[in-house]
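Notes follow the structure.
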Amino acid sequence: MDWIRHHPGAAIFTALIGLLIFLWGMAIPLSYAPEPIGPAAELFAEGTRVTVGLTVVSGLAGLVLGVLVGLGNLSPIKPIRWFCAFYVWVLRGTPLLLQILFVWLVLPTLLPAQWSLSDFTLAAIALSLNIGAYNSECVRAGILAVPHGQIEAAKALGFSPFQTFWDIVLPQSMRIALPALANNLASLVKDSSLAYAISVVELTMVGYRIQAESYQPIPVFLTVGAIYLILTTAFTTMTNAIEQMLDVGRKR
Amino acid sequence: MNETATATTTPNRIASHKTAEAMIVMEHVNKWYGDFHVLKDINLTVARGERIVLCGPSGSGKSTTIRCINRLEAHQSGRIVVDGIELSDDVRQIEAIRKEVGMVFQHFNLFPHLTVLENCTLAPIWVKKMPKKEAEVIAMHFLERVRIPDQANKYPGQLSGGQQQRVAIARALCMKPKVMLFDEPTSALDPEMVKEVLDTMIELAEEGMTMLCVTHEMGFARTVADRVIFMDKGEIVEEAPPEVFFTNPQNERTKQFLGQILNH
């Protein structure tokens, strides 16, 4: 952990390269594993890529959504605040599995037929909407945690409300919100497994199918679990390092 | 009304009239927090280059008074004119006044995510639209004046309280203000750091800056102030030059206050 603190840039680079190499080449060492893992190595690799794809796409979309909704929740305009509060209320108050099923079954009926979104896209939309609701609360808390004296100092220097927000409040609030946002990302890596319910062949689904064919759940699910651990380790290494990079002001 | 109105461009300045002579004019200013009457009919005129110390017990309204001058607090009745610009609800008037009024806070309020130099250049660059290079030259000039140019690339969290407060003074000066407001600038400092901040403020006073300072440093008031103003319960109770204020206070509440803070 000390190494991440002292060399955050190198840590991000290492974790990113490590993750890419893992995604690209993990089937090679896995193929040497005994039955039932070895023969299914390529399936594991494909499932892992889908899981990471879901995580990255929904993580980024959820971050943008979280910032927008978090700001909307603090908007002086009442209808915007109501809308954002309603969104958070619904998405936090219902099961993620239900949301995934709902988006999968209902969204295509609302869109023009020629759009025909893939199951992966529909899962990503549901996951983004869900993590966006949780992220928005982290962003809102981060903004509220910036001391009022900071805003007063900016006002006293003649900053406009927008400049105050953009240059003073937002950078400080993101630093405060980051550990909580990183937590949500770590959850997302695992929550993406719920996409199996709408037949997205991600890592958990791959494990389920292989054990169903081989009748050997123990080695299969241990392998799946180990891959998830590798993924979450890579993601948390990156988010820890970003936290260190943004924490410049507090370094002594 | 024969005088030429020299400053009719935005912001709207009050030309002619005696209010244009003074740097700050407060007339019949009243403020309430709900039912609580915080400022009661405050009348105060500050001449250019004048140094004023406001003192009084906590809750007497002295901080609120100076915070009304740059609209960190809004007053409900009366008028405030700063350098000929009348404070109104018009955002342009408020921003025009804030450009001319520097403020130093009790808790420094430096921006922790920016370096000392960036703290000093951010407002000139974004508010005054100054080129970055020029802003940095000015910032270094004022950091030298407060004697911390070598800390320019550190972050506020790496500095002592006294150093942070001197940066805060430099940051305000970078906007080339005509008035400086100090809201208990030494109250949050360890005792051994009070002097370095007061010395910086004394130098500023010697250069002719118009200053309003809320402080309990009576030594500073004695050496620097042209006038000491004593407030209690939202009113200006007494105002006098320091030599009169400290040796021959007239009001009973002033005597009591001075007795408490000078003889401990």
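Per chain, numbering begins at 1; letters A, B, ... match sequence-line order. Every value quoted in this text rests on a predicted model; they were computed, and no experiment measured them.
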- Whatever's closer than 4.5 Å to a heavy atom in chain A on B:Arg171 counts as both
- Under 4.5 Å heavy-atom distance to chain A, tell me which part of B:Phe105 shows up: side chain, backbone, both or neither. side chain
- Message: Are B:Met23 and B:Glu50 packed together at the side-chain level, in the sense that at least one heavy-atom pair is separated by less than 4.5 angstrom?
- Response: no
Only distances under 3.5 Å count here; give the side-chain donor-acceptor pairs of residues 224-232 of chain A to other protein atoms, sequence neighbours excluded, each with its distance to 0.1 Å.
residue	atom	partner	partner atom	Å
A:Tyr228	OH	A:Glu202	OE1	3.4
A:Tyr228	OH	A:Thr204	OG1	2.7
A:Thr232	OG1	A:Tyr228	O	3.0
A:Thr232	OG1	A:Leu229	O	3.0

- Message: So, taking the atom named CZ in A:Arg81 and the one named CG in A:Leu71, what distance separates them when rounded to the nearest 0.5 Å?
- Response: 13.5 Å
- Output the option from B:His107, B:Arg67, B:Lys99, B:Gln106 having the highest count of non-hydrogen pairs under 4.5 Å with chain A. B:Arg67
- Message: Is A:Glu152 in contact with chain B via its backbone, its side chain, both, or neither, using a 4.5 Å heavy-atom distance?
- Response: both
- Message: Regarding B:Glu86 and B:Arg79, does a basic nitrogen lie under 4.0 Å from an acidic carboxylate oxygen?
- Response: yes
- Just give me the residue among B:Val104, B:Leu110, B:Ile94 that pairs up with chain A most often, heavy atom to heavy atom, under 4.5 Å. B:Leu110
- chain A contact via B:Leu122 - which portion, at a heavy-atom distance below 4.5 Å: both
- Among B:Glu100, B:Arg98, B:Met175, which residue forms the greatest number of heavy-atom pairs with chain A at distances under 4.5 Å? B:Arg98
- Task: Working to the nearest 0.5 Å, report the span between CD of A:Gln172 and CD1 of A:Ile176.
- Result: 6.5 Å
- Message: Quick check for you: among B:Lys128, B:Glu95, B:Met103, which has the greatest number of heavy-atom pairs under 4.5 Å with chain A?
- Response: B:Glu95
- Query: Could you give all pairs that pass the side chain to side chain donor-acceptor pair (under 3.5 Å) test and reach residues 85-100 of chain A, with sequence neighbours left out?
  - Reply: A:Thr94-A:Gln99, A:Gln99-A:Asn130
